[in-house]
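Taking it in order: structure first as structure tokens, then the write-up.
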2 protein chains.
Amino acid sequence: MMMMMTPTKPASNLSPEYPLLGLLAQKPAHGYELHQRLMQDFGQIWYISLSQTYNILKRLEKQGAIAGEDEQQENRPSRRFFRLTAEGRQRFEVWLDSTVGCSTRAIRVEFLTRLAFAESIHPELVPGLLERQIVEIRSGIGRLESGMTKLPPEQVYNRLALKLRVRQLAPMLDWLTECQAAWREDGNFNKILSP
Amino acid sequence: MMMMMTPTKPASNLSPEYPLLGLLAQKPAHGYELHQRLMQDFGQIWYISLSQTYNILKRLEKQGAIAGEDEQQENRPSRRFFRLTAEGRQRFEVWLDSTVGCSTRAIRVEFLTRLAFAESIHPELVPGLLERQIVEIRSGIGRLESGMTKLPPEQVYNRLALKLRVRQLAPMLDWLTECQAAWREDGNFNKILSP
DNA sequence: TCAATATACTCACTGAGTAAGTATATGATG
DNA sequence: CATCATATACTTACTCAGTGAGTATATTGA
């Protein structure tokens with residue numbers, strides 16, 4: 001019986017594939033350096049171990065998003081230089097201009113990463129990203145609230161869970177609105193950081 | 001070279017092992033039924049597929065937390081009945097009276113589940129759970145804020161991430177305080193649900 | 001009658017994530 | 001001067017998380 005191949009899953013957007021692609025979009029690098037930059041620039045957002053970094057790079061290469069080349073170094077273990085392929089670039093750009101659902105974690109992790117790369121690579125995308133994310137959250141809140149009315153009243157904890165999610169999304173909305181204002185006025189987000 | 005065995009990892013508390021143990025603490029059941037009850041009572045909190053349910057049951061049995069017995073049924077595929085072992089009971093009780101860290105997801109998912117089982121099995125634990133969780137979050141906010149001052153100012157997105165986490169934890173604190181009040185007054189959480 | 005649905009579970013796979021191992025060069029410390 | 005920690009750079013081998021497809025049978029309803 002022929003086993004159906006899963007057609008290269010879209011890969012949970014909460015895996016650090018995209019930050020790695022983003023770092024490679026800025027410049028080619030080898031794994032060790034990528035890991036360092038990731039920890040440096042995004043250490044409070046993502047944690048991945050060094051070996052996990054290599055795992056992901058291997059997968060990205062297998063998928064054709066990046067291409068690696070061995071580089072001999074004298075007096076040093078040889079290392080593998082990676083660069084983004086056209087396909088990987090394409091994939092990254094699509095990701096960069098997309099919107100996450102309304103999970104607070106996804107916003108904190110994925111959206112923030114996206115915002116960082118947008119700011120550094122395509123700043124013109126920033127206002128649209130903020131706007132669409134706000135719309136997305138608003139409609140998410142709506143869905144949660146209408147979902148809540150459909151739950152039977154005896155499912156107390158299911159209802160509490162939905163309620164909690166709504167109460168988590170509200171401050172996200174405020175935060176995004178502040179980001180919008182800061183970007184419009186200053187072209188950066190420093191204001192958010194210094195009250 | 002002898003490979004060191006990893007000594008049965010404590011298993012991320014965000015895996016649905018504990019809700020399954022909890023359901024089995026209420027009464028013995030077979031996998032299919034457990035899955036149904038899980039989706040019924042906690043469908044807005046956990047999603048696990050049927051096969052994942054079986055995976056976890058298999059692991060729990062291997063670990064000795066539950067014991068399964070095959071049960072022949074006439075005119076039916078035979079099924080496997082699981083019950084909690086003493087060891088599993090012990091493990092569940094320890095979990096039931098413990099505290100999650102201050103990740104908002106962990107609170108929504110794990111804490112809420114814990115609260116549900118505490119209410120149904122050991123209601124006397126509820127006030128302590130709420131109180132300790134509040135303390136935990138307060139100290140978490142403190143840690144995040146002090147962490148923020150230690151980050152170099154150029155790490156804008158790392159700082160934004162910490163800030164966001166703080167702004168997510170504040171409403172959790174309010175919510176827990178409301179829960180405390182509701183429990184003190186009514187012995188349930190209905191008030192939280194009807195604004 | 002026969003198709004959909006419910007019951008009940010297995011298998012094989014990809015992906016997430018870690019620990020430990022392999023090498024080599026450099027700088028600090030006694 | 002020896003040696004010991006640390007930084008560079010990557011591999012191997014493992015467990016756990018999670019999904020999709022497959023197997024098998026009985027019931028219900030159109």
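Since the model is a prediction, treat every value here as computed from it, not as a measurement. Chain naming here is simple, since letters A, B, ... match the order of the sequence lines and numbering starts at 1 in each.
When the C1' atom of C/dG17 is taken as reference, atom NZ of A/Lys58 falls 14 Å away, rounded to whole Å. Computed from coordinates, the A/Leu20 CG to C/dG17 P distance equals 12 Å when rounded to whole Å. The NZ atom of A/Lys62 sits 11 Å away from the P atom of C/dA16 (whole-angstrom rounding). Counting to the nearest Å, the P atom of D/dA21 and the CG atom of B/Leu50 are 15 Å from each other. C/dG15 atom P lies 11 Å from atom CG of A/Leu60, rounded to whole Å. Rounded to whole Å, the distance from CD1 on A/Ile56 to C1' on D/dC10 is 15 Å. In this entry the distance linking CD of A/Glu17 with P of C/dG17 reads 11 Å, nearest Å. In this structure, A/Asp70 atom CG and D/dT11 atom C1' are separated by 13 Å, rounded to whole Å.
For B/Ser51 against D/dG18, a side-chain-to-base donor-acceptor contact under 3.5 Å is absent. Side-chain atoms of A/Asn55 and base atoms of C/dG15 include no donor and acceptor less than 3.5 Å apart.
Proximity of A/Arg80 to the phosphate of D/dT11: no side-chain N or O atom is located under 4.0 Å from OP1 or OP2. Listed pair B/Ser49 / D/dG18 fails the phosphate criterion, with no side-chain N or O lying under 4.0 Å from OP1 or OP2. Taking side-chain N and O atoms only, B/Arg59 has no distance below 4.0 Å to OP1 or OP2 of D/dT15. Taking 4.0 angstrom as the limit, A/Tyr54 places none of its side-chain polar atoms (N or O) nearer than this to OP1 or OP2 of D/dT11.
Against DNA chain C, the stretch residues 23-36 of chain B makes heavy-atom approaches under 4.0 Å through B/His30, B/Gly31, B/Tyr32, B/Gln36.
Scanning for ring-ring contact (aromatic ring centres under 6.0 Å, His included) contacts around A/Phe81 gives A/His30, with sequence neighbours left out. Under the rule for a salt bridge (charged side-chain N to carboxylate O under 4.0 Å, His left out), B/Arg165 has no partner lying at least two apart in sequence or in another chain. In this structure, the side chain to side chain contact (heavy atoms under 4.5 Å, CB included) partners of A/Glu131, at least two apart in sequence or on a different chain, are A/Val135, A/Gln180.
A distance-only check finds no donor-acceptor pair linking the side chain of A/Thr104 to the backbone of A/Gln168 [under 3.5 Å].
Counting only residues at least two apart or in different chains, ring pair (Phe, Tyr, Trp, His ring centres under 6.0 Å) contacts with residues 113-135 of chain A comprise A/Phe42-A/Phe117, A/Phe92-A/Phe117. Residues in residues 30-39 of chain B take part in these salt bridge (Lys or Arg N to Asp or Glu O under 4.0 Å) pairs, two or more places apart or across chains: B/Lys27-B/Glu33, B/Glu33-B/Arg37.
Comparing C/dA16, C/dT10, D/dT12 against the side chain of A/Gln52 picks out C/dA16 as the nearest.
Of the inter-residue distances, the one linking A/Leu173 atom CG with A/Glu178 atom CD reads 11.0 Å to the nearest 0.5 angstrom.
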